[in-house]
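Everything on this sheet refers to the single structure shown next.
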Amino acid sequence: MDGIGVAISLTLAGAVLVALPLTIRAVRGPVAPVLPSRFAHPGLWLATVAAACLVNQVLCTVYLIRVHGGDPSFIADRLPEGWFALADGNRAVRALADVFPAPHLLAPTVLRVQAMLELPFVLLAYLLVTRWWDRRLYRALTGVPVLTAAALVWTVTFSVIEWSLPNPYTVQDVVLRLISCAVTVPLLVRLGRATPAPEREARDAVDLALFGVSAAAIGWLVLAVYDTLLLYNLGHLAGQIPGCVAAGAVLGPARFAAGRRTAERAPGLGIGTLGTGLGWFVAGFFAPALTIRYALGLSGRPLAIAATLLIVVTVAVLVIAEVPRALIPAWLAQMAVAGVAGAGAALPARLASADYPEVRLLLAAALLLTAVTVVCAVTDPLWRRIVTV
């Protein structure tokens, strides 16, 4: 294992051994009092950071056109394939480049600004999805201990990957990532404190379906932002627009419907524990998710698989602890059927054609959650009748 693999593996070990217990304790612990604040929704700030990324990419293209003649090879040759597909043929960008004064001042738009914006972007995306599912869980993950641990793990992971791709800006980028971490954590803690945290609410199969649709749609949008704005591929923007419009068309109605409904009655055992497990899954993977993703692509794959299994087992134990003992045999049978159905439904995702592995992962997660939800929704009434008899 090379030095980069060792660094990623050590970071992953720390995320699991230190951050995971902190997260479990925070989720189970009391919630701090609310500090009301306007404009505190993470979705608003996620859109703001994405807009800042877009502005940076436009200005970066202006810089490359004016200072480097539209040739990014001085930096692109030091990075993996898939970076710097410029929109230098766009008329609006060309017009801006022609009139922009002092283009040399835009040099920091190459990699440096991105190093500042990447952490808040990914953290806000994760926390937004968490808030959609459970505002109390969102409050727990935005507490100082958990958010600090997760932000440090993600920053170290980004910095290690940055170091593995040496270029003239590597040291500057790492320093900027550390500064970004120091600034982002208190700001996101403040956002979290502004959100009321009700006790756990009953969620039925429709809630799970709306959440799954919402998570898949925002996941598509996040990947589109990564491709076009964080990897400097503004030239891909036109090709991403149809998918983004479709994702937005799905996301809007799903969030509107989710905000207007409440479960009419307590969910059955399967749907109830599926919801509990989903919450614990989101919490457990908060800190190590990014490191696991990179470890799978490096020589740390065995440790990444082991860490994933440990988190899954931990989630299972936490969920089983809430199942009445008398119902555990029936519940295990139900979960076994749902698990097999979910795994079978997710398998076709491996065949999907995608430029990024995250696309296949997103598709697999959506198919798995859909299948498991359907099985639990169908079998819950059956188990209820059996238990009643």
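These numbers come from the heavy atoms of this one structure, side chains and all, not from hydrogens, waters or symmetry mates.
Residues L165 and P80 have side chains in contact (heavy-atom distance under 4.5 Å, counting atoms from C-beta outward). Side-chain contact check for V174 versus Y169: every heavy-atom pair is 4.5 Å or farther apart. Under the 4.5 Å side-chain criterion, counting only non-hydrogen atoms from C-beta, V315 is not in contact with F285. V34 is listed as a side-chain neighbour of R139, based on a closest heavy-atom distance under 4.5 Å. Considering only heavy atoms from C-beta on, N90 stays 4.5 Å or farther from L237 through its side chain. The shortest side-chain heavy-atom distance between L363 and L367 falls under the 4.5 Å cut-off. Between L318 and R28, the closest side-chain pair of non-hydrogen atoms falls below 4.5 Å.
Scanning for ring pair (Phe, Tyr, Trp, His ring centres under 6.0 Å) contacts around W133 gives F211, with sequence neighbours left out. In this view, R177 and E118, E162 satisfy the salt bridge (charged side-chain N to carboxylate O under 4.0 Å, His left out) rule, not counting sequence neighbours. Scanning for side-chain contact (heavy atoms from CB on, under 4.5 Å) contacts around P21 gives an empty result, with sequence neighbours left out.
Listed for the D88 side chain is no donor-acceptor partner under 3.5 Å among the backbone atoms of T61. Looking at R360, its side chain never comes within 3.5 Å of a backbone N or O of A349 through a donor-acceptor pair. The closest donor-acceptor contact from the side chain of R190 to the backbone of L35 lies under 3.5 Å. Not a single donor-acceptor pair under 3.5 Å links the side chain of T184 to the backbone N or O of C181. Although no hydrogens or angles enter the test, the distance criterion places a donor-acceptor pair under 3.5 Å between the side chain of T308 and the main chain of A304. A distance-only check finds a donor-acceptor pair linking the side chain of R193 to the backbone of P33 [under 3.5 Å]. Checked by atom type and distance alone, the side chain of D207 pairs as donor or acceptor with a backbone atom of D204 at under 3.5 Å. The closest donor-acceptor contact from the side chain of Y126 to the backbone of F286 lies under 3.5 Å.
Shortest non-hydrogen contact noted between L362 and L223 is CD2-CD1, 4.3 Å. Heavy atoms only, all atoms of each residue included: A217 and L251 are closest at CB-CB, 3.8 Å. When all heavy atoms of R203 and I271 are compared, the pair lying nearest together is O-CG2, 3.5 Å. For A151 against L123, the heavy-atom pair with the smallest separation is CB-CD1, 4.2 Å. Residues V62 and A97 come closest through the heavy atom pair CG1-CA, 3.8 Å. When every heavy atom of G270 is checked against every heavy atom of D380, the shortest pair comes out as N-OD1, 2.7 Å.
Atoms CG and OG1, on L141 and T130 in that order, are 5.0 Å from each other to the nearest 0.5 Å. Atom CD1 of I320 sits about 12.5 Å away from atom OG1 of T276, to the nearest 0.5 Å. Separation of atoms CG (L137) and OG1 (T142) is listed at 9.0 Å; rounding is to 0.5 Å. For the atom pair L79 CG and L111 CG, the distance stands at 6.0 Å (nearest 0.5 Å). For the atom pair NE2 of H236 and CG of L229, the computed distance is 12.0 Å after rounding to the nearest 0.5 Å. Within the model, atoms CG of L119 and CD of Q114 stand 11.5 Å from one another, a figure rounded to the nearest 0.5 Å.
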Does the pair L187 and L191 meet the rule for a side-chain contact (heavy atoms from CB on, under 4.5 Å), with working shown?
CA-CA 6 Å; L187 291 178; L191 287 185; 5.9 Å; no
Quick one: do T273 and M335 satisfy side-chain contact (heavy atoms from CB on, under 4.5 Å)? Show the steps, please.
CA-CA 10 Å; T273 53; M335 290 299 104; 4.3 Å; yes
Verify side-chain contact (heavy atoms from CB on, under 4.5 Å) between V93 and I65, making sure each step is shown before the conclusion.
CA-CA 9 Å; V93 173; I65 291 173; 4.2 Å; yes
side-chain contact (heavy atoms from CB on, under 4.5 Å) for Y63 and L59? Distances and angles first, verdict last.
CA-CA 6 Å; Y63 169 76; L59 295 180; over 6 Å; no
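Residues R135 and T195 have side chains that never bring a donor and an acceptor to within less than 3.5 angstrom of each other. Counted by atom type alone, T157 and T11 present zero donor-acceptor pairs between their side chains at under 3.5 Å. Using modelled atom types and a 3.5 Å distance limit, the side chains of Q240 and T228 yield no donor-acceptor pair.
Using a 30° and 60° split on the angle between ring planes, W83 and Y232 fall in the parallel class, below 30°. Relative ring orientation between H68 and F74 is described as parallel, the plane-to-plane angle staying below 30° on a 0-90° scale split at 30° and 60°.
Cluster membership check: L152 does not share its hydrophobic cluster with I8, using side-chain heavy-atom separations under 4.5 Å among Ile, Leu, Val, Met, Phe, Trp and Tyr. Put simply, V129 and L221 are part of the same group of oily side chains (I, L, V, M, F, W, Y) that touch within less than 4.5 Å, one to the next. Note on Y294 and I305: same hydrophobic cluster, where clusters join Ile, Leu, Val, Met, Phe, Trp and Tyr whose side-chain heavy atoms are under 4.5 Å apart, directly or indirectly. Cluster annotation: L290 is connected to L296 through the hydrophobic network of ILVMFWY side chains, with a link wherever side-chain heavy atoms come within less than 4.5 Å. Residues V189 and V31 do not share a hydrophobic cluster, defined by chaining ILVMFWY side chains whose heavy atoms lie under 4.5 Å apart.
Remark: W45 CH2 is loosely packed, at most 12 non-hydrogen atoms of other residues, nucleotides or ligands lying under 6.0 Å away.
Among the candidates L309, T23, L20, the single residue satisfying the side chain to side chain contact (heavy atoms under 4.5 Å, CB included) test with T314 is L20.
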